[in-house]
Each structure stands twice: as C-alpha cells, then as structure tokens.
Amino acid sequence: MNTVLVTGGAGFLGSHLCQKLIKIGYKVICIDNLFTGSLKNIEAILENKNFRFLNHDINIPIENVNADYVFNLACPASPFQYQKYPVETIKTNVLGTLNVLELVKKNNARVLQASTSEVYGNPLEHPQSEEYLGNVNPIGPRACYDEGKRAAETLFYDYNRQFGVDIRVARIFNTYGPNMAKDDGRVVSNFIIQALKGNPITIYGDGNQTRSFCYVDDLIEGLIKLMFNLKRKLPVNLGNPQEVKIKYLASQICKLIGNKQVIATKELPSDDPIRRNPDIKIATNYLNWKPKTNLELGLKNTIKYFKKIS
Ligand code: NAD
Ligand code: UDP
C-alpha cells in the first residue's frame, strides 16, 4: 500500500483529497498546523487505520515521515487570510516548500504543488493558458501569495533540474464546495452565509469582474489524475472554464436560497484581478479531465453544507 503525504490536509481542498485517497486505497499522512484548517474537516477519517494526522508547521523541517507521494497544499488560500498574515504566507510558500522538497528528495518520492491561477496575476490574456507568464505586482497586497506561489514553482523546477526530483504542478483556479471555512472571506462562502442570514450581499466594485468556479469533487479528481496518471512535469491548469461575473454569482446564490437580492457595494480591493478564466486544453488532452459539475448543482451542494453547519 503506497503512502501519500498531504500537507494542508485539514483545509478545504486537503480534507477532500485525504478522504478520497483513503477511499481509493492509499495510506494517508496529513500534516497541518491548523492555521486556516480545522480538525472538523477530517473528523470522519481521524480514527481510520490508514490515516495519520500530524500537527506540524511545514516551516519547520519535516522529519521521520516516509511517503511515496506528496501533495503540497499547505498555505492560506483566501485573500482575506493571506493579506492578514502576509509574512506567514510567503514564508510557507518559500521556506515551507523548501522543507517539503527536501523531504521528497530524501524519500525519492513524487511531489505535486498546489499552485494557483494567481501566478497569472491580473491577466492581460484570456483565457489563461499555461504558457502565459502573467502580470503580477511584486509589491502589492496579494504579492505574498502570488509571488510566493511563483517562487514555490521556481523551487519545484530547480529541484527537478538540479536533483532530478519528480514533480507535478497544478495551477488551480477558484474552487468551492463543502468544508470551505465560513469566515475566510472568499466570495462563495461570503455570499452564501450572507444570503442565508438575510443580510445584504457584499459585492466589491461593480461586480463585473469575473471568475471561473470549479466544484471541489471535480478539482480533486484532476489533482489525483495529475499525480498518478501522467508523466508531465510542466504546469497544468485545473479549473472550470465557465466564466461568470461576480454579480451573476450573487444573483444565482440568492435565487437558489430563495432570497430577494439586496446588495451592499464595497470598494474593489487593490490588485483584484478583473478577469480570470482557465484554458484547460492541456488537462483535457493529456489528463482526459474536465469538470462535470455545473455551477447550479455545485452551489446547491455548498448551500446545503452551510445550512447544516450554521
Ligand atoms: P485552506 O486555507 O482551506 O487550506 C490550507 C491548509 O494549509 C489549512 O488547513 C492550513 O491550516 C494549512 N497550513 C497553512 N500554513 C501551514 C503551515 N505553515 N504548515 C502546515 N499547514 C499549514 O485553503 P484551500 O482552499 O484548501 O487551498 C489549499 C491549497 O490549494 C493552497 O495551497 C492554495 O493556495 C491552493 N489553491 C486553492 C484554490 C481554491 O480555490 N481553493 C485555488 C488555487 C490554489
Ligand atoms: N468578492 C466580492 N465580495 C465578497 C468577496 C469577494 O465581491 O464578499 C469578489 C472579489 O473582489 C473578487 C472575487 O469576488 O473579485 C473572488 O474573490 P475571492 O476572495 O473568493 O478570491 P480571488 O479569486 O480574488 O482570489
């Protein structure tokens, strides 16, 4: 039985990944310092004999862990969280990633980096393909995350070139679903919680900025395929190509919850990307992957989850 290490395994994506890996027959070690994650997310597998949880900060070298595969997901992912803790965020992306790569080198394992569409910054090309080099502000409030993730990718390719480490890089676009933290400020969770409470929906700016939302089950399938089914070390975009305006997302959520939509407009945060949309030709052609869950179904599942926990 192969062992898989998931850093950030108690977070939103990590918790789904750990559960899926156990279900398909792997032994899973989850490392998480619970900075933005929660044991609640992994409650269902905590006692599973094939699961081990280690409360550890990846900025401290990882010792006495043996794994065949490593998914490196540890990093705060919501703009609200990473802008509150910018130094911790860039440190985790650089020092934490170095520690993960050292472990992988020692274990002769394969490692997948959870990179992000944020490496494209506020993109000037649409949709964004893996070849696009991006438009990132290195000194802005998002830089701890954007530049941190770019540096993490650099480390991955340098460990590959210098030490032959076996790498995979997924550039993940906005993903949503159950186990998102209800207070982490991301748009889907914010809008659902606001609508469920009957509060006004906080649209930043005019709401014409776009994102492309991928349901978590689809994303996890993509990550697993990329890790186990493909010998491709170049980055692969994973996301749903359906691009929507933020004001459309707000109206859909209110419609599904059955609320009359009341909007509270707030200032658009600086460097907030105006458009974001993945070109997923590589994932489709090489991984035979594309998202199956449409926005309405994904939102219904997510609303059900937030109703249950609130
Ligand atoms: P999340 O905040 O829910 O999960 C991140 C997890 O990492 C948390 O459990 C947190 O406690 C843990 N963590 C943070 N710093 C750590 C450290 N120094 N040591 C150990 N654990 C640490 O976020 P998520 O949405 O699940 O994102 C997971 C990964 O996927 C992140 O790397 C993120 O950048 C990437 N990603 C996510 C999205 C998305 O839409 N969800 C999009 C692009 C990329
Ligand atoms: N947003 C919004 N209202 C909110 C939260 C976010 O209008 O309450 C907008 C935000 O300005 C951005 C988009 O929704 O344009 C997605 O924001 P999120 O924080 O989820 O992730 P991002 O894609 O910016 O990393």
Side-chain angles (χ1 to χ4, degrees), residues 6-18 30-39 41-42 54-60 62 71-83 85 88-89 91-93 95-97 99-100 112-119 122 142 145-146 148-149 152 170-177 179-181 184-194 199-216 219-220 223 237-240 244-247 249-250 263-276 278:
V6 180
T7 75
F12 161 47
L13 296 181
S15 58
H16 286 272
L17 181 61
C18 289
C30 161
I31 289 186
D32 202 299
N33 66 352
L34 304 179
F35 192 63
T36 52
S38 158
L39 287 180
N41 289 338
I42 47 171
L54 302 175
N55 189 334
H56 180 83
D57 183 336
I58 63 161
N59 294 321
I60 298 163
I62 308 160
F71 287 87
N72 187 33
L73 270 61
C75 177
S78 101
F80 171 75
Q81 291 286 5
Y82 66 67
Q83 291 181 30
Y85 300 104
E88 286 81 354
T89 300
K91 192 170 165 190
T92 295
N93 277 318
L95 183 57
T97 300
N99 287 331
V100 167
L112 182 149
Q113 168 66 356
S115 190
T116 167
S117 52
E118 289 279 331
V119 299
N122 188 6
R142 297 176 85 100
Y145 186 73
D146 301 9
K149 288 284 186 179
R171 289 188 179 151
I172 304 168
F173 284 64
N174 295 65
T175 302
Y176 69 101
N179 292 5
M180 292 183 90
D184 79 1
R186 285 188 259 196
V187 68
V188 172
S189 43
N190 265 11
F191 286 1
I192 293 178
I193 299 285
Q194 289 160 354
N199 289 340
I201 307 294
T202 53
I203 292 190
Y204 302 162
D206 60 10
N208 283 319
Q209 71 271 34
T210 70
R211 293 294 187 271
S212 306
F213 295 98
C214 185
Y215 188 62
V216 61
L219 195 277
I220 297 302
L223 287 181
N237 285 341
L238 293 177
N240 190 318
V244 299
K245 292 187 174 177
I246 292 304
K247 63 185 184 193
L249 178 76
I263 289 174
T265 305
K266 293 202 171 181
E267 208 179 316
L268 188 69
S270 46
D271 293 343
D272 197 287
I274 298 303
R275 283 187 71 183
R276 189 182 286 153

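First listed ligand is number 1; within each ligand, the first listed atom is number 1.
Contact record, His56 with Ile60: NE2-O, 2.9 Å, taken as the closest heavy-atom pair. Between Arg142 and Asp271, the shortest heavy-atom distance links the atoms CD-O, 3.3 Å.
With a 4.0 Å cut-off on non-hydrogen atoms, Arg186 touches ligand 1 through its side chain and not its backbone.
In the vicinity of Asp57, heavy-atom distances shorter than 4.0 Å reach the ligand 1 atoms 17 (C), 18 (N), 19 (N). Near Leu34, the atoms of ligand 1 lying under 4.0 angstrom from a non-hydrogen atom of the residue are 11 (O). Ligand 1 places these atoms under 4.0 Å from at least one heavy atom of Asn33: 11 (O), 13 (N), 14 (C), 15 (N), 16 (C), 17 (C), 18 (N), 19 (N), 20 (C), 21 (N), 22 (C). Set against the non-hydrogen atoms of His56, the atoms of ligand 1 under 4.0 Å away are 19 (N), 20 (C). Ligand-side atoms of ligand 1 in range of Thr116: 43 (C), 44 (C), range being under 4.0 angstrom from any heavy atom. Close approach of ligand 1 to Asn59 (heavy-atom distance below 4.0 Å) involves ligand atoms 18 (N). Every atom of ligand 1 with a heavy atom of Gly37 under 4.0 Å away is listed here by number and element: 8 (C), 9 (O), 10 (C), 11 (O). Within the listing of ligand 1, atoms 31 (C), 32 (O), 33 (C), 34 (O) sit less than 4.0 angstrom from a heavy atom of Lys149.
Of the inter-residue distances, the one linking Ile246 atom CD1 with Asp206 atom CG reads 11.0 Å to the nearest 0.5 angstrom. Here Cys75 contributes atom SG and Tyr145 contributes atom OH; the two are 5.5 Å apart, rounded to the nearest 0.5 Å.
Of the protein's non-hydrogen atoms, the one nearest atom 2 (O) of ligand 1 is Thr36 OG1, 2.7 Å. With hydrogens left out, the protein atom closest to atom 4 (O) of ligand 1 is Gly11 CA, 3.5 Å, a heavy atom. Of the protein's non-hydrogen atoms, the one nearest atom 5 (C) of ligand 1 is Cys75 O, 3.2 Å. For atom 31 (C) of ligand 1, the nearest protein heavy atom (residue, atom name, distance) is Leu73 O, 3.1 Å. Of all protein heavy atoms, the one closest to atom 40 (O) of ligand 1 is Thr175 N, 2.8 Å. Ranking the protein heavy atoms by distance from atom 19 (N) of ligand 1 puts Ile58 N, 3.0 Å first. In terms of protein heavy-atom proximity, atom 23 (O) of ligand 1 is nearest to Ala77 CB, 3.4 Å. Of the protein's heavy atoms, Ser115 O, 3.4 Å lies nearest to atom 44 (C) of ligand 1.
Ring centroid separation for the pair Phe213 and Phe173 does not come in under the 6.0 Å cut-off.
Residue contacts with ligand 1: Ser38 is placed with no nitrogen or oxygen under 3.5 Å of a nitrogen or oxygen of the ligand (distance criterion only). The distance criterion of under 3.5 Å between nitrogen or oxygen atoms is met by Leu13 with respect to ligand 1. Distances between N or O atoms of Ala74 and those of ligand 1 include no value under 3.5 Å. Here's the thing with Pro76: none of its N/O atoms is less than 3.5 angstrom from an N/O atom of ligand 1.
Remark: side-chain polar atoms of Thr36 are not paired, donor with acceptor, to backbone N or O of Pro76 under 3.5 angstrom. Judged purely by atom type and a 3.5 angstrom limit, Asn59 uses its side chain to pair as donor or acceptor with the backbone of Gly96. Side-chain atoms of Glu267 never come within 3.5 Å of backbone atoms of Gly205 as a donor-acceptor pair (strictly under, hydrogens ignored).
Taking a heavy-atom cut-off of under 4.0 Å, ligand 2 is surrounded by Pro79, Glu118, Arg142, Asn174, Gly185, Arg186, Val187, Asn190, Phe191, Thr202, Ile203, Tyr204, Gln209, Arg211, Ile246, Pro269, Asp272, Arg276.
Scanning Phe173, Tyr145, Phe12 for the heavy atom closest to atom 36 (N) of ligand 1 points to Tyr145. Among Thr92, Asn99, Ile172, Asp32, the residue whose heavy atom lies nearest to atom 38 (C) of ligand 1 is Ile172. Of the listed options Gly239, Gly8, Gly14, Gly8 places a heavy atom closest to atom 6 (C) of ligand 1.
Under a 4.0 angstrom heavy-atom cut-off, Gly96 registers as lying outside contact with ligand 1. The closest approach between any non-hydrogen atom of Asn174 and ligand 1 is below 4.0 Å. The closest approach between Arg171 and ligand 1 stays at or above 4.0 Å for every heavy atom of the residue.
Every side chain to side chain donor-acceptor pair (under 3.5 Å) that Gln113 has, sequence neighbours left out, goes to Asn72. For Thr175, there are no side chain to side chain donor-acceptor pair (under 3.5 Å) partners two or more places apart in sequence or in a different chain. With sequence neighbours excluded, the residues forming a side chain to side chain donor-acceptor pair (under 3.5 Å) with Asn179 are Ser15, listed by chain and number.
The shortest distance between side-chain heavy atoms of Asp32 and Asn55 does not fall below 4.5 Å. Residues Arg276 and Gln209 have side chains not in contact (no heavy-atom distance under 4.5 Å, counting atoms from C-beta outward).
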